[in-house]
Amino acid sequence: MAREAAGRPPEETLSLWKREQARLKALLVDRDTEAWQRDPAFSGLHRVGGVDVSFVKGDSVRACASLVVLSFPELQVVYEESRMVNLTAPYVAGFLAFREVPFLVDLVRQLQEKEPGLMPQVLLVDGNGVLHHRGFGVACHLGVLTELPCIGVAKKLLQVDGLENNALHKEKIRLLRAGGDTFPLTGGSGTVLGMALKSHSCSTKPLYISVGHRISLEVAVRLAQRCCRFRIPEPVRQADIRSREHIRKTLGHLGPPAPGQERSQAQSPKACPKGGLGEAADP
DNA sequence: GCGACAG
DNA sequence: ATCTTGTCGC
């Protein structure tokens, strides 16, 4: 019945997927299209969305897809939908979208039907945009299919087009000082594919931001940073937290025996000095 | 055989 | 992506 989602697909499938990526890439818009994007204070921006997919431990098929919408600039969750899904495609680097995007599109469609007034004005996506083997990562894919502005937010550098997580790269990371500091990720062709962003004043690892759809890289970076209470932008972080929680509540006590011990952690994951929400000061 | 490998 | 315990600080 439920087909496996493991094992590498045949070369023929990958070739079809590549053609699909190339086809959709022609529809990608890699510049600002919204008025709020031109405003230095993002006035006019009220709703930011986040999506994520979490997985069930020993299961290669079952997963939970989540879409959340947060108010901006308050970053309060105003909408959430989490749904168990059956994955059909395996994870193959460079083809993440074929595994996750169909379910995310469904979630956006459902929101459009039930609460169109809560449709996010921009979506932060876990993964890359144009910082991708063929310039069309999951954030581009979701953006083109939904026509929503999208931003790619990756936690690890995808080493493509000459980009390497080498000593030089690590040195550049070390030189990032304040939250909001960045350096460009320039591919072999000389094109800037994305930006490394120190999203929080006290986080060692940067975020790798790239254009998904209908937004410029500069605005994408600024917005991602303004969405950060911690290292991970709040929309993506909330989608992640809530999709795991949904899994736990749905099939939490059917396998791994878990003694109960509730915790409250409404605040910082690791804790870091303090500050309004951004920078350092200069005496 | 070795290294890469978003999530 | 997933698993995991403690540790430190407010």
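A, B, ... follow the sequence lines: proteins, then strands. Residue 1 opens every chain.
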I want to check one thing: is the phosphate of B/dA6, taken as OP1 and OP2, less than 4.0 Å away from some side-chain N or O of A/K155?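 A/K155 to B/dA6 OP1/OP2: no side-chain N or O under 4.0 Å.
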Below 4.0 angstrom from OP1 or OP2 of C/dA1, is there any side-chain N or O of A/K156? no
Atom [atom1] of [X] and atom [atom2] of [N]: how far apart are they, to the nearest Å?
X	N	atom1	atom2	result
A/H246	C/dA1	NE2	C1'	18 Å
A/N165	B/dC5	CG	C1'	12 Å
A/L96	B/dG7	CG	C1'	5 Å
A/D59	C/dC3	CG	P	12 Å
A/R62	C/dA1	CZ	C1'	17 Å
A/R244	C/dC3	CZ	C1'	11 Å
A/F55	B/dA6	CZ	C1'	11 Å
A/D52	B/dA6	CG	P	15 Å

Mind checking the C1' distance from B/dC5 to C/dT2? Whole angstroms is fine. 16 Å
Would you measure the distance from the C1' atom in C/dG6 across to the matching atom in B/dG1 and give it in whole Å? 40 Å
How far does OG1 of A/T146 sit from CG of A/L107, to the nearest 0.5 angstrom?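 The OG1 atom of A/T146 sits 11.5 Å away from the CG atom of A/L107.
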Find the distance between CG (A/D240) and CD (A/E234) and round it off to the nearest 0.5 Å.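 Rounded to the nearest 0.5 Å, the CG-CD separation comes out at 11.0 Å.
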Closest non-hydrogen atom pair between [X] and [Y], with its separation:
X	Y	value
A/M119	A/Q112	CE-OE1, 3.3 Å
A/V48	A/P235	CG2-CG, 3.7 Å
A/L87	A/S60	CD1-O, 4.1 Å
A/L157	A/N165	CD2-N, 3.9 Å

Using the ring-ring contact (aromatic ring centres under 6.0 Å, His included) criterion, which residues pair with A/H169? Sequence neighbours excluded.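 So A/H169 forms a ring-ring contact (aromatic ring centres under 6.0 Å, His included) with A/F183, A/Y208.
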Go through the structure and list residues passing ring-ring contact (aromatic ring centres under 6.0 Å, His included) with A/H141, not counting sequence neighbours. A/F98, A/F136
Check every strand shown and say whether [X] touches a base, only sugar-phosphate, or nothing at a heavy-atom separation below 4.0 Å.
X	result
A/V56	nothing
A/R8	nothing
A/N128	base
A/F98	nothing
A/G94	base

Listed in order of residue number, which residues of residues 206-224 of chain A have a non-hydrogen atom at under 4.0 Å from DNA chain B?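 Per residue number, the list is empty: none.
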Check salt bridge (Lys or Arg N to Asp or Glu O under 4.0 Å) between A/E100 and all other residues, then give those that pass, not counting sequence neighbours.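 If we apply the salt bridge (Lys or Arg N to Asp or Glu O under 4.0 Å) test to A/E100, skipping adjacent residues, there are no hits.
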Pairs touching residues 8-21 of chain A that satisfy salt bridge (charged side-chain N to carboxylate O under 4.0 Å, His left out), sequence neighbours left out: A/E20-A/R23
With sequence neighbours left out, which residue pairs that include part of residues 133-142 of chain A fulfil the salt bridge (charged side-chain N to carboxylate O under 4.0 Å, His left out) condition? none
Show me, pair by pair, the donor-acceptor contacts under 3.5 angstrom made by side chains of residues 209-221 of chain A, not counting sequence neighbours?
| residue | atom | partner | partner atom | Å |
| --- | --- | --- | --- | --- |
| A/S210 | OG | A/G129 | N | 2.7 |
| A/H213 | ND1 | A/V29 | N | 3.1 |
| A/R214 | NE | A/T33 | OG1 | 3.1 |
| A/R214 | NH1 | A/E147 | O | 2.8 |
| A/R214 | NH1 | A/E147 | OE1 | 3.4 |
| A/R214 | NH2 | A/E34 | OE2 | 2.5 |
| A/S216 | OG | A/D32 | OD1 | 3.1 |
| A/S216 | OG | A/D32 | OD2 | 2.9 |
| A/S216 | OG | A/V219 | N | 3.3 |

State the dot-bracket string of DNA chain C. Criteria: Watson-Crick or G-U wobble, both atom distances under 3.5 angstrom; notation: ( ) intrastrand, [ ] crossing earlier pairs, | interstrand, . unpaired. ..........
Is DNA chain B part of any stem, that is, at least 3 consecutive Watson-Crick or G-U pairs with both distances under 3.5 Å, and where? none
Short side-chain to backbone donor-acceptor contact, A/K198 and A/S203, under 3.5 Å: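 Judged by distance alone, yes, a pair lies under 3.5 Å.
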Any N/O pairs under 3.5 Å between the protein and nucleotides 1-4 of chain B? List them or say none.
| residue | atom | partner | partner atom | Å |
| --- | --- | --- | --- | --- |
| B/dA4 | O3' | A/Q159 | NE2 | 3.4 |

Hydrophobic side-chain clustering at under 4.5 Å (ILVMFWY, transitive links): who's grouped with A/L16? Put none if nobody. none
Nearest listed nucleotide, side chain of A/K57, among B/dC5, C/dT2, B/dG7: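 Shortest atom-to-atom distance from the side chain points to C/dT2.
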Pairing residues for A/D52 by the side chain to side chain donor-acceptor pair (under 3.5 Å) criterion, not counting sequence neighbours: none
Mark this stacking check for A/Y91 against B/dG7 as yes or no, applying ring centres under 5.5 Å and ring planes under 30°.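 Yes, A/Y91 stacks on the base of B/dG7.
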